[in-house]
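In this text the structure is predicted, and so the values were computed from the model without any measurement. We count residues from 1, following the sequence as given. Computed from heavy atoms alone, side chains included, the values below leave out hydrogens, waters and symmetry copies.
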Amino acid sequence: ENHEALPPGPSTTRLDNNNIASRMDRLLQLPFIYRGVPPPRDITRARVHPSIDTIAAGAFAGCENLTDVEVHEGVRKIE
């Protein structure tokens, strides 16, 4: 048998429940990028993609936890 030592690799992070919860919290803080399609209902933040110049009526309907929507200067119309 050949048992060669593995070269040193990048440091690893042990994934335990606290670490996973912390990573999930960070992911949940990221805004949903609105590109003209209905977002998931559980979002809390949204950012309008630069390619969007019109936000459709009811675009965020049903998003009861939505507290913040970032709108860029190129948005010309909110229906």
Side-chain angles (χ1 to χ4, degrees):
E1 292 180 43
N2 187 359
H3 295 284
E4 294 181 32
L6 294 175
S11 63
T12 58
T13 302
R14 184 172 182 270
L15 291 178
D16 57 29
N17 287 341
N18 290 334
N19 190 311
I20 292 170
S22 174
R23 288 177 182 219
M24 291 300 295
D25 285 345
R26 283 195 304 270
L27 285 174
L28 292 174
Q29 292 173 7
L30 294 174
F32 171 81
I33 306 300
Y34 176 72
R35 291 183 168 93
V37 298
R41 291 181 160 205
D42 61 347
I43 64 170
T44 59
R45 296 177 55 215
R47 177 180 298 145
V48 178
H49 191 270
S51 66
I52 300 297
D53 64 0
T54 301
I55 299 174
F60 298 102
C63 298
E64 295 178 9
N65 298 318
L66 185 62
T67 60
D68 182 42
V69 178
E70 295 177 37
V71 180
H72 60 84
E73 291 181 9
V75 172
R76 301 286 179 232
K77 184 177 183 182
I78 300 175
E79 299 179 328

Exercise. Taking all non-hydrogen atoms of both residues, which atom of P40 and which atom of C63 are closest, and how far apart?
Worked result: O-SG, 3.7 Å

Exercise. Does T67 reach the main-chain N or O of T44 with its side chain, forming a donor-acceptor pair under 3.5 Å?
Worked result: yes

For this session: Share the residues that join V75 in a hydrophobic cluster, the rule being Ile, Leu, Val, Met, Phe, Trp or Tyr side chains under 4.5 Å apart at the heavy-atom level.
Result: F32, Y34, I43, V48, I52, I55, F60, L66, V69, V71, I78

Problem set entry | Those residues that, when tested against H49, pass side-chain hydrogen bond (donor to acceptor under 3.5 Å, both in side chains) (two or more places apart) | S51

Exercise. Which pairs with one or both residues in residues 47-70 pass salt bridge (charged side-chain N to carboxylate O under 4.0 Å, His left out), sequence neighbours excluded?
Worked result: R45-D68, R45-E70, R47-E70

Exercise. So do the side chains of T54 and E79 get within less than 4.5 Å of each other, counting heavy atoms only?
Worked result: yes

